[in-house]
Amino acid sequence: MKKRGIGVGLSFYGTGYGNGFPDISRAIVRLLPGGRIGIYCGVTEVGQGAKTAMIQIGAETLGVTEKDIDLIHEDTSLMPDSGTAAATRQTYNTGNAIKVACQNMREKLFEKAKVELGLNSTAGLALEKGEVVLSFFPQKRISFKRLSEIYKDETIEAEGEFVAQTTTMDPDTGQGAPYWPYTFNACAVEVEVDMNTGIVNLLRAVFAQDAGRAVNPHLLEGQMDGGFAMALGYTLFEDLKLENGVIKNNRFSKYLIPTAMDMIDVENIIIEDPENTAPYGAKGIGEPVMIPIAPAILNAIYNAIGIRITELPVTPEKLMKAIREAEVNN
Amino acid sequence: MDIKKVYNSKSVEEVIDLLGEYGKKAKVIAGGTDIVIALNKNVIEPEILIDISKIEELKGIREEDEYITIGSTTTFAEVVESQIFENNLYGLHKACKMVGSPQIRNKGTIGGNIANGSPAADSVPPLMALDSIVTLKSIDGIREISLEDYYLNPIKEKELLINIRFKRPKDNQILTFAKLGLRKALAISRLTLSSYIEFEDKTIDSIRVASGALAKFPMREKEVEDYLLGKSLEEKTIEGAIEVLRNSMDERLKGRSTLPYKRVAISTILREILEEALAIEEGVKAW
Amino acid sequence: MKLNIVGKNIIRVDAQAKVTGKALYPQDIYLDNMVYGKTVRSTKPHAYIKIDISEAEKVDGVLKVFTYKDIPNKNAHGVVLKDHEAFASKKVIRIGEPIAFIVAETQKICEEAYKKIKIDYEEIPAVFDPVEAMKEDAPKVHGDSNIIYHFKLRHGDIEEGKRKSKYIVENIYKSPMVEHAFLQPEAGLGYLEEDGTVVVVIATQYPHYDREEVAINLGLPEEKVKIINTNVGGAFGGREDISAQIHLALAAMVLKRPVKVIFSREESFLAHSKRHPMIMKYKTGADENGYLQYMEAEIIGDSGAHCSWAMNVLRKAGVHATGPYVIPHVKVDAYAVYTNNPYTGAMRGFGATQVPIAHEQQMDALAEKLGMNPIEFRMKNIFRRGSMTATGQILTDSVPLDRCLEAVDERFKFSQLWKEVK
Amino acid sequence: MVNINFTVNGKPYEISIDENMRLIDVLRDELGLIGTKEGCGEGECGACTIIMDGETVNSCLVMGFQADGSNIVTIEGLEKDGQLHPVQRAYMEAGAVQCGFCIPGMVLSTKALLDKNPSPSDEEIREGISGNLCRCTGYNKMLIATKKAIEYMKGE
């Protein structure tokens, strides 16, 4: 016999190091030969898409395309420290640092353009497709490429730094502002529980994630799918089995993570509500995307069979044991 | 790994000569899906490795007279793609289709599945339910043994597994298979069952049931067979068969931590193989 | 705001290199004159050790076997507390702790030498259960207490909260130890540049942190250490702590040859941190109108043998223990505890992935008592703009949780389905 | 040492290899084809997937000498005249790539699937890549990519 149920899960997530710890990201922007823009920044691409998102933020601020930017982020001797690729902090923290650096760079470029265009002021100057343009008399314009040729013996660069705002919590009461910003989400799932084998099947999922603003919706959806899959493993399979400190399942044939056949289509919804302190309103989502899934599944299992599973993962054995115990108690 | 010499063998004779000469120093490799892991982790340390995957006479599925013969290096994928294993032989198709992943099915072989002696070998229960005969060859000659007895007297160091054969079933003789894995792909079986049933209408005229992962090796479930023989396949019979199998498991797996779960879950797959057999008998396509 | 690039689905800038197989991860890099390393790791959870490397060093092709004696400066690292030794010196505290690093001409010679390393373990009592570990008479992993950290949250008045609660639900929840299972096992290279700069090529989450640890352990100024971060084959928190960075830098510095190490999948399981398993005791109360009144939680997290991010993880668990709900009276105690288990640290969600197992089931249990649809009940209590969290923080800006929940309800037809089932 | 003759990405090789090498070691260490990745060494993750005589195999489970006489395609062999294979292009465009470590194997499994079955169902696509583990993407963008690739291949 199979029983179906639905469940919902919510979460909030404070991003950044938090608790008043200095959370600093830095970036340097430099005009490169040929008018290309170099962004030097210790942002790590772990697969989450930081490299692309950072370039998008830089390109937006400097009025160029992603193809005009070189992000140098591999070598500690060439780039400033931007903190760890963790704590869901790169989009917000390092994104802010890059935005600030690019804004400073814009001022530098305006100064050079003022000289080269013979203007009295930088007022009215704008950046447009790799050129500095006097917005109300667009015939006055000079390209980054031209500037890089004129100033080939001089480094045109600007720095940017962003320090996140949190406070240390009181050690006795925990009162304080430990994180900023917070990201929110909600997920609903439908499950089917096989009462004879204890196998839980996911049938349907709808997942809404607040992103402040989505820098790149495809990347964001990819994170949501990936977080969902990781959470599916967390809820149903994954358990590092220890015996006197020994990991009993230390390989992929013993420690099972979801395959493509275990995963289901997820209806992802991106909720945008730009955050004022964030670069173009964008908040981080890397960690939160896995959080509300497990509770949604657990609540759906309860809805299906009337038994609350309080311990993860919900293996078939555990579920059958719970079902048997419930039968005995009734 | 400390292999001194390797052979890409082209004939059975060459292999059995090599095995005769080197004995336990030599190992045979075909699909490699188990043995390369063992080699790489130094679980086995042969000096000689003999590849048999390119030997023509060990390959493929043949229908001869009343027998179907599967060469030992036939891959799971080849079984899945073969039209022979549709209709009433669907159980073997289904078992092979549920092995590992596409990559594993493309390389892993029926012979390897038998020779490795894993209790969870997916293709073995259906072959056992078919009352298959295993042919092994060595410099001392040919040995034929039923798959059921094979595990008591498995492959010896000088032997090469040549093929496995079984009598082609009649239309009213139906092979089915069911598996409970840990996830939907790449899943090692935690329970498998296969049945071969000869029907006379709904009545079971003859039957063989084989299980995997319920003992040290795949085995025939004779108590279930005895119970089902001569009965009409209906709900009451299925319930009864489940009880019989559970009692038999209680004996066999007494004290095992896996027993409480397996004895419950077995009902689903025993029901599946029996109901599927009936459905095929009644002309419902299961594939 | 009109945006041109932000908000667009531009193709990942690293995608082409990845779909063509050209993207380099550390294991893909081969240098001239390169030698290989292999880490020798503890096989006992808690023991005094004596190491004899003499036979291993005699194996033809072995350049050197490094141990704690070879660390030039500080044999200690760690993201918060410096409680990892680069090589265990006197005592091992978990299985998998590095004891030595063999460097040889080939991987095969490394394996040969590995068999000849003699480690004499004098086992001492170990502790594997965090609740046991909190007791005074438990074996101590470091120092004189296993309790690394106790986070306290006190908001409002719990007794008043209880008085106002018509419905109270109570349960104990447990979450398991989890492996990151990123697809690329750890690997790295170390080499020297002409000016003596030590270079470590690695896939890491935080290259500047790695640089700092390498510099401290080797006694070098930071500008003499360079970390090259390659493509990273997934991380999820598992590449925050040091893996092979110090060993590679040390070997390259001493031997003046490029050294490469690749962990097998089994070694990867041993080498990096895990997700903290947590025991979460919860009591949550709501009044007759369905408003949350109080929540009390005790959370115990097993940090294993090293602190790593334990404090931050249990702090995060504590801060997020309420879930995204306004609760006027809250008391949380979260503990991080040492044991002789594999060490735990950062993993996606960082403490906030564990507590929802508890708070979200508490919410549904309360909704059931109130006879309410779980979404209706949540809508009464969720954070909105201007809400105050249990730490007293005011959520002044972007708080679209109501929109998230409404969107899910609408698309899923949750409330409608709920009504139909009832 | 043992001599083997085989074709890799259309190019014939005659090389002498150590008997103890697995095919993945031959491809990476001897031929420098580092797009083939090792994620588990036991045929579970599929990162080392290659196409051998038309079928996907885990190159960590094949001994090097067994490749004698075979025809192998690795990820490096998919581009034709500087053009990406439709599956590669579709993976990029659909956002199916994250950390990238599983991608060479995943792309080859997808290609092999479409070579055999040009219009697979969702279930068949999931089944086709079920021997390739990915921890980042949750696989769903790979389904989208595969459908995109089908369209591109129809247009060719």
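It should be emphasised that the depicted structure is a prediction, and the values quoted were computed from it without experimental measurement. Heavy atoms only: backbone and side chains are in, while hydrogens, waters and symmetry mates are out. By convention in this document, chain letters (A, B, ...) are assigned in the order of the sequence lines, proteins followed by strands, and residues within each chain are numbered from 1.
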Inset, instruction - Select, from B:I37, B:T33, B:I3, the one with the greatest count of heavy-atom pairs under 4.5 Å involving chain D. - result: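 With the most close heavy-atom pairs to chain D, the winner is B:I3.
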
Inset, instruction - Considering only heavy atoms and a distance below 4.5 Å, find which of D:L113, D:I4, D:D68, D:V2 pairs most often with chain B. - result: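 Between D:L113, D:I4, D:D68, D:V2, the count favours D:D68.
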
Legend entry - Best-contacting candidate, D:D18, D:N132, D:I129, against chain B by heavy atom pairs under 4.5 angstrom: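 Of the candidates given, the most pairs with chain B belong to D:N132.
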
Test item: [X] and [Y] side chains (from C-beta on) under 4.5 Å apart, heavy atoms:
X: B:I29; Y: D:F65; result: yes
X: D:M63; Y: B:M1; result: yes
X: B:V36; Y: D:R22; result: yes

Select one option (side chain, backbone, both, neither) describing which atoms of [X] are under 4.5 Å from chain D's heavy atoms.
X: B:N40; result: side chain
X: B:L49; result: both
X: B:E47; result: neither
X: B:S53; result: side chain
X: B:A30; result: backbone

Legend entry - Salt bridge flag under 4.0 Å for residues D:E123 and B:K184: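 So D:E123 does not pair with B:K184 through a salt bridge.
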
Would you say [X] has more than 12 foreign heavy atoms packed within less than 6.0 Å of its [atom1]?
X: B:K158; atom1: NZ; result: no
X: B:R62; atom1: CZ; result: yes
X: B:K27; atom1: NZ; result: no
X: B:K156; atom1: NZ; result: yes

Can you tell me which portion of [X] sits under 4.5 Å from chain B's heavy atoms? Options are side chain, backbone, both or neither.
X: D:M52; answer: side chain
X: D:L133; answer: side chain
X: D:V62; answer: both

Quick one: closest heavy-atom pair of [X] and [Y], and the distance?
X: D:S130; Y: B:A185; value: CB-CB, 3.4 Å
X: D:S109; Y: B:Q103; value: OG-NE2, 3.4 Å
X: D:K116; Y: B:E81; value: NZ-OE2, 3.4 Å
X: D:E19; Y: B:K4; value: OE2-O, 3.4 Å

Legend entry - From CD (D:E42) to CG (B:D34), nearest 0.5 Å: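 Rounded to the nearest 0.5 Å, the CD-CG separation comes to 10.5 Å.
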
Legend entry - Pair D:E55-B:T75, side-chain contact (heavy atoms from CB on, under 4.5 Å): steps then yes or no: CA-CA 12 Å; D:E55 309 277 1; B:T75 63; over 6 Å; no

Inset, instruction - Measure from the side-chain N and O atoms of B:N106 to the backbone N and O of D:T56, and report whether any donor-acceptor pair falls under 3.5 Å. - result: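 Yes: the side chain of B:N106 pairs with the backbone of D:T56.
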
